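The structure appears right after this line, and notes come after that.
Residues take their numbers from the sequence shown, with the count starting at 1. Not measured: the values here are computed from a predicted model.
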Amino acid sequence: MKEEKVKSIRFTVGTDDKIEKLCLKLGRNKLQLFNQMVDYFLRSGKDPADTSDELLKKALSRNHDTYTSFIKAQEKLLLIPIRQDVSRMINSQEQIVKYFNEQVLKVNKELLGIQQGIIKHLTEISTLMNNLREEQQSRSDLKMKFLYILNSYIKARDSFGFTTSAKEKEELILCTQKLISKL
């Protein structure tokens, strides 16, 4: 196995304490921790002396600008056309509903007029039927009364004998005619 050349670095006791705490916290030895710190600063390009981390802020700003431009591009390509299409669709749906409502209302008014005509006609038929029924009833009553009068006349005439005078026969005829005329 090939051994790497090792160099030493001098640092203060306070820094050594800090490195010891980091080693215990991260579970590594000092050499591993130091090598990983150096690799990190090389890869990230960060300056350990820059505590405000300006490079990180610039990177975040660039990423923010990239995301913002991406969102604006998506808005132009997708969101605005979708909104326009939805708006056109809503307008066409409103026109369809308006036309449908106009046609339905028109047909409903026509049907209502027809139904009212039918109701009026049925009411007239009902009135006519009631009148016919009443007239039929009154005819039946009239026939019954006439038959009663006729039967009374026949009985009275048959009860007359040969001795009955013409005056009595005449009175019977007049009485019968009076009863018939009252019908």
Side-chain angles (χ1 to χ4, degrees), residues 25-26 40 43-46 51-183:
K25 181 179 176 184
L26 299 173
Y40 172 76
R43 271 185 288 129
S44 66
K46 293 182 179 182
T51 56
S52 65
D53 213 358
E54 283 299 319
L55 289 175
L56 181 61
K57 288 180 185 176
K58 287 180 184 176
L60 287 174
S61 177
R62 274 194 312 271
N63 285 341
H64 177 73
D65 292 341
T66 303
Y67 290 140
T68 303
S69 64
F70 173 76
I71 290 171
K72 286 182 180 179
Q74 292 300 310
E75 181 181 31
K76 287 178 185 173
L77 292 173
L78 295 175
L79 297 177
I80 291 174
I82 287 172
R83 192 184 90 224
Q84 291 170 343
D85 289 344
V86 168
S87 178
R88 281 194 297 267
M89 184 186 68
I90 288 171
N91 287 337
S92 67
Q93 291 294 325
E94 287 173 348
Q95 290 175 354
I96 290 170
V97 168
K98 180 182 174 186
Y99 178 76
F100 181 74
N101 284 340
E102 288 172 356
Q103 294 301 315
V104 167
L105 288 175
K106 181 181 174 186
V107 169
N108 283 347
K109 285 179 183 178
E110 290 174 2
L111 287 175
L112 185 61
I114 291 170
Q115 286 176 342
Q116 288 173 344
I118 290 172
I119 289 170
K120 181 181 177 186
H121 186 68
L122 288 175
T123 304
E124 290 172 358
I125 289 174
S126 175
T127 304
L128 181 63
M129 291 295 288
N130 286 337
N131 290 344
L132 286 174
R133 194 175 302 115
E134 287 174 8
E135 192 172 311
Q136 183 69 28
Q137 185 64 36
S138 65
R139 279 186 180 173
S140 295
D141 290 346
L142 189 61
K143 283 180 186 177
M144 292 298 289
K145 289 176 183 177
F146 183 77
L147 280 175
Y148 176 75
I149 294 170
L150 181 63
N151 287 335
S152 297
Y153 170 77
I154 291 171
K155 280 183 185 176
R157 188 191 70 194
D158 286 345
S159 68
F160 290 156
F162 293 108
T163 59
T164 309
S165 68
K167 184 178 177 187
E168 287 178 15
K169 288 181 183 179
E170 193 63 35
E171 282 178 18
L172 178 63
I173 291 172
L174 285 174
C175 182
T176 303
Q177 286 175 343
K178 244 188 224 182
L179 288 174
I180 291 174
S181 68
K182 286 182 182 178
L183 293 176

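Among Glu102, Glu94, Gln95, the single residue meeting the side-chain contact (heavy atoms from CB on, under 4.5 Å) criterion with Lys98 is Glu102.
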Tabulate below the donor-acceptor pairs under 3.5 Å that side-chain atoms of residues 172-179 make, not counting sequence neighbours, or state none.
residue: Thr176; atom: OG1; partner: Leu172; partner atom: O; Å: 2.8

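Here CE of Met129 is found 11.0 Å from CD of Gln136. Values are rounded to the nearest 0.5 Å. To the nearest 0.5 Å, atom CG of residue Asp85 and atom CD1 of residue Ile90 are 11.0 Å apart. Between the CG atom of Asn101 and the NZ atom of Lys106 there is a distance of 14.5 Å, given to the nearest 0.5 Å. Distance check, rounded to the nearest 0.5 Å: CD of Glu75 to OG of Ser69 gives 12.5 Å. To the nearest 0.5 Å, the span separating CZ on Arg62 from OG1 on Thr66 amounts to 8.5 Å. Atom CG of Leu112 and atom NZ of Lys109 lie 10.0 Å apart (nearest 0.5 Å).
Side-chain atoms of Ser87 do not come within 3.5 Å of backbone N or O of Gln84 as any donor-acceptor pair. Under a 3.5 Å cut-off, the side chain of Ser126 and the backbone N or O of Leu122 do not form any donor-acceptor pair. The backbone N or O of Thr123 lies less than 3.5 Å from a partner atom in the side chain of Thr127, making a donor-acceptor pair.
Judged by distance alone, the side chains of Asn91 and Arg88 never bring a donor and an acceptor atom under 3.5 Å apart.
Partners of Asp65 under the salt bridge (charged side-chain N to carboxylate O under 4.0 Å, His left out) rule, at least two apart in sequence or in another chain, do not exist in this structure.
Counting all heavy atoms, side chain and backbone alike, Asn130 lies closest to Arg133 at OD1-NH1, 2.8 Å.
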